[in-house]
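What you see is a predicted model; the values in this text were computed from it and never measured. Because only heavy atoms are used, hydrogens play no part in the values below, and waters and symmetry mates are left out as well, while side chains stay in.
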Amino acid sequence: MDERDKYQNGGEISDIIRDILKNRGWGAKVEEHKVFSVWGEVVGDRVAKNSAPKQINRGALVVITKNPTWTQQLTMMKEKIIKKLNKRLGDDIVKEIRFIQGEIPVELETLPHVPKDKKTVPPSKTAMKRLKKLTEDIEDEELKEFIGSVLKKALSQLDNE
């Protein structure tokens with residue numbers, strides 16, 4: 001059975017998406033970007049309120065902190081955070097973290113874990129603004145569209161909790 005037969009005969013959508021990501025070389029990028037959705041869950045509410053992942057590239061994660069005290073504190077916890085993130089992600093995704101002090105954009109302040117059993121409803125205008133801001137730095141248009149669709153679903157669920 002070739003790939004087309006598998007898809008035409010009811011292949012799992014997750015398998016189809018995984019194959020597309022693999023064939024286009026996007027799998028690693030998507031795996032890296034999962035860190036954004038698990039950050040708050042892994043570091044806890046207090047740390048999440050004072051820091052947010054800004055970007056990740058080839059395992060190097062940049063995290064914004066609200067002030068120098070948080071930068072110093074999290075720098076001392078860096079190895080522990082890397083281990084916890086990788087354990088949660090199920091792979092050795094995060095290799096390094098660099099903490100920088102700055103203002104945390106509203107759209108990065110909290111992107112908590114969304115339960116899978118929530119129903120999807122149309123996203124609000126606020127959610128769409130957040131979505132645009134979160135994906136604006138992604139250069140690859142197809143990857144931007146894919147990640148945007150995943151975030152759109154998550155943000156609409158968060159807005160309607």
Side-chain angles (χ1 to χ4, degrees), residues 14 17-18 21 25-140 142-161:
S14 60
I17 292 171
R18 192 177 3 265
L21 293 173
W26 295 341
K29 289 181 184 179
V30 171
E31 290 301 311
E32 279 188 336
H33 281 81
K34 287 181 181 177
V35 75
F36 291 91
S37 63
V38 302
W39 177 259
E41 178 185 334
V42 169
V43 299
D45 288 340
R46 185 167 181 224
V47 172
K49 288 178 183 174
N50 292 284
S51 65
K54 179 181 181 184
Q55 65 187 47
I56 186 165
N57 187 23
R58 295 183 181 165
L61 176 64
V62 176
V63 175
I64 302 170
T65 61
K66 284 193 174 178
N67 58 50
T69 304
W70 277 104
T71 302
Q72 182 180 10
Q73 180 67 28
L74 294 178
T75 298
M76 291 188 295
M77 298 170 55
K78 178 169 45 176
E79 293 304 317
K80 183 178 178 180
I81 293 170
I82 290 171
K83 286 179 185 176
K84 287 177 77 175
L85 283 169
N86 287 332
K87 182 177 180 180
R88 175 61 179 83
L89 295 169
D91 203 353
D92 191 23
I93 305 291
V94 180
K95 312 254 188 271
E96 177 64 32
I97 302 177
R98 184 168 58 104
F99 297 98
I100 59 171
Q101 193 259 314
E103 187 174 326
I104 299 173
V106 173
E107 65 275 1
L108 295 180
E109 279 184 351
T110 55
L111 192 60
H113 174 68
V114 178
K116 292 180 181 178
D117 61 344
K118 288 283 190 180
K119 293 183 180 179
T120 302
V121 295
S124 68
K125 288 181 182 179
T126 303
M128 291 307 293
K129 286 180 185 175
R130 289 169 62 195
L131 171 66
K132 184 177 180 184
K133 191 75 171 161
L134 286 168
T135 60
E136 70 184 348
D137 292 333
I138 301 172
E139 293 176 9
D140 187 304
E142 290 179 75
L143 179 59
K144 180 187 280 190
E145 183 179 326
F146 174 78
I147 292 175
S149 67
V150 172
L151 289 174
K152 183 177 179 181
K153 181 177 179 182
L155 289 172
S156 67
Q157 290 174 340
L158 289 173
D159 279 350
N160 293 289
E161 286 188 333

Which pair of non-hydrogen atoms, one from [X] and one from [Y], has the smallest distance, and what is that distance?
X     : Y     : value
Ala48 : Trp39 : CA-NE1, 4.2 Å
Leu74 : Ser51 : CD1-CB, 3.7 Å
Thr71 : Thr75 : O-OG1, 2.6 Å

Exercise for the section: Please collect all side-chain hydrogen bond (donor to acceptor under 3.5 Å, both in side chains) contacts where either partner lies in residues 95-106, sequence neighbours excluded, each pair once. Expected result: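 Every pair satisfying side-chain hydrogen bond (donor to acceptor under 3.5 Å, both in side chains) with a residue in residues 95-106: Lys78-Glu96.
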Handout entry: Under 3.5 Å donor-acceptor, Asn67 side chain and Thr69 backbone
Key =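 Side chain of Asn67 to backbone of Thr69: a pair is present.
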Handout entry: Under 3.5 Å donor-acceptor, Asn50 side chain and Lys66 backbone
Key =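 Pair absent, no side-chain N/O of Asn50 close to backbone of Lys66.
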Handout entry: Option among Leu85, Ile81, Val63 that satisfies the side chain to side chain contact (heavy atoms under 4.5 Å, CB included) test with Val43
Key =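 Going through the options one by one, the only one that passes is Ile81.
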Handout entry: Neighbour count above 12 (heavy atom, 6.0 Å) for Asp45 CG
Key =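 Count not over threshold, so no.
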Spacing of [atom1] belonging to [X] relative to [atom2] belonging to [Y], to within rounding of 0.5 Å:
X     : Y     : atom1 : atom2 : answer
Ile56 : Leu61 : CD1   : CG    : 5.0 Å
Trp70 : Met77 : CH2   : CE    : 7.5 Å
Ile97 : Glu79 : CD1   : CD    : 8.0 Å

Exercise for the section: List in chain and number order the residues that pass salt bridge (Lys or Arg N to Asp or Glu O under 4.0 Å) with Lys84, two or more places apart in sequence or in another chain; answer none if no residue qualifies. Expected result: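 Partners of Lys84 under the salt bridge (Lys or Arg N to Asp or Glu O under 4.0 Å) test: none.
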Practice task
Would you please test Ile93 and Val35 for side chain to side chain contact (heavy atoms under 4.5 Å, CB included) and show each step?
Solution key: CA-CA 9 Å; Ile93 305 291; Val35 75; 5.9 Å; no
